[in-house]
Amino acid sequence: MADKLKIKLSIADRVYPLTIDPSQEEGLRKAAKNIDQLAKKFEQNYAVRDKQDVLAMCALQFASKIEQRGIDQDEGVTEAAERLKALDNLIGSKLGIK
């Protein structure tokens, strides 16, 4: 385990010890902070029975954002491909190429 870093992250009032690559530390700490902030928001705004419910809601929120980004990116690629094809057709018609 050369070049590994041992850290402790607190998520939903529990401490999780991890052994990670140093390059992962910032991202993991930010992720834990985001989870905690979102969990507190859910606890304040909704009637939740326990931490598991809050964490499930957090997981759904983060997973849906990832999925939506993928959908948006796919739509952007499709739109760009259609525009490139139209541009290619326009150039081809101006140059007399079919």
Side-chain angles (χ1 to χ4, degrees):
M1 283 204 299
D3 299 341
K4 294 289 183 177
L5 182 64
K6 291 185 179 192
I7 65 170
K8 292 181 180 181
L9 294 178
S10 176
I11 302 172
D13 300 326
R14 282 197 177 175
V15 176
Y16 296 91
L18 300 172
T19 303
I20 61 167
D21 289 322
S23 63
Q24 295 177 301
E25 183 180 13
E26 183 180 2
L28 287 169
R29 290 198 186 276
K30 284 183 178 181
K33 183 179 177 182
N34 288 338
I35 293 168
D36 266 345
Q37 289 174 343
L38 188 57
K40 286 177 184 167
K41 179 181 167 186
F42 282 135
E43 287 174 330
Q44 291 170 355
N45 295 327
Y46 302 100
V48 291
R49 293 183 297 173
D50 60 26
K51 291 285 185 186
Q52 184 173 343
D53 292 336
V54 171
L55 292 174
M57 292 167 66
C58 288
L60 180 61
Q61 180 82 18
F62 289 121
S64 68
K65 283 183 181 181
I66 291 169
E67 291 300 324
Q68 190 60 49
R69 280 189 196 135
I71 291 167
D72 292 345
Q73 188 176 28
D74 288 347
E75 289 173 355
V77 169
T78 301
E79 183 180 338
E82 289 172 359
R83 287 182 173 193
L84 286 172
K85 186 175 180 179
L87 185 58
D88 185 51
N89 290 339
L90 179 62
I91 292 171
S93 68
K94 296 296 181 188
L95 295 176
I97 301 171
K98 291 188 178 183

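Residues I11 and L5 do not share a hydrophobic cluster, clusters being chains of Ile/Leu/Val/Met/Phe/Trp/Tyr side chains in contact below 4.5 Å. Both V54 and Y46 sit in one connected hydrophobic cluster of ILVMFWY residues. Membership requires side-chain heavy atoms under 4.5 Å apart, directly or through other members. L55 and V15 are not part of a single hydrophobic cluster, where members link through side-chain heavy atoms under 4.5 Å apart.
D21 places no side-chain N or O within 3.5 Å of a backbone atom of Q24 that could act as its donor or acceptor partner. Formation of a donor-acceptor pair under 3.5 Å by the N45 side chain with backbone atoms of K41 is found in this model.
Separation of atoms NZ (K85) and CG (N89) is listed at 6.5 Å; rounding is to 0.5 Å. The line from NZ of K40 to CD of Q37 is 8.0 Å long, rounded to the nearest 0.5 Å. Atom CG of L28 sits about 8.5 Å away from atom CD of E25, to the nearest 0.5 Å.
Between P22 and D3, the shortest heavy-atom contact is CD-O, 3.1 Å. The shortest heavy-atom contact between D36 and S10 is OD2-O, 3.0 Å. Between D53 and D50, the closest heavy-atom pair is N-OD1, 3.0 Å. In plain terms, the two heavy atoms of F62 and I35 that are nearest each other are CE1-CG1, 3.7 Å. Taking every heavy atom of both residues into account, R29 and K8 meet most closely at NH1-O, 3.7 Å.
Annotation: Q73, atom CD; neighbour count of heavy atoms from other residues, nucleotides and ligands within 6.0 Å does not exceed 12. For K33, the NZ atom counts as loosely surrounded, since its 6.0 Å shell holds 12 or fewer non-hydrogen atoms of other residues, nucleotides or ligands.
Taking the side chain as every heavy atom from C-beta outward, K4 and I20 never approach each other to under 4.5 Å. Side-chain contact between K51 and R14 is absent, with no heavy-atom pair separated by less than 4.5 Å.
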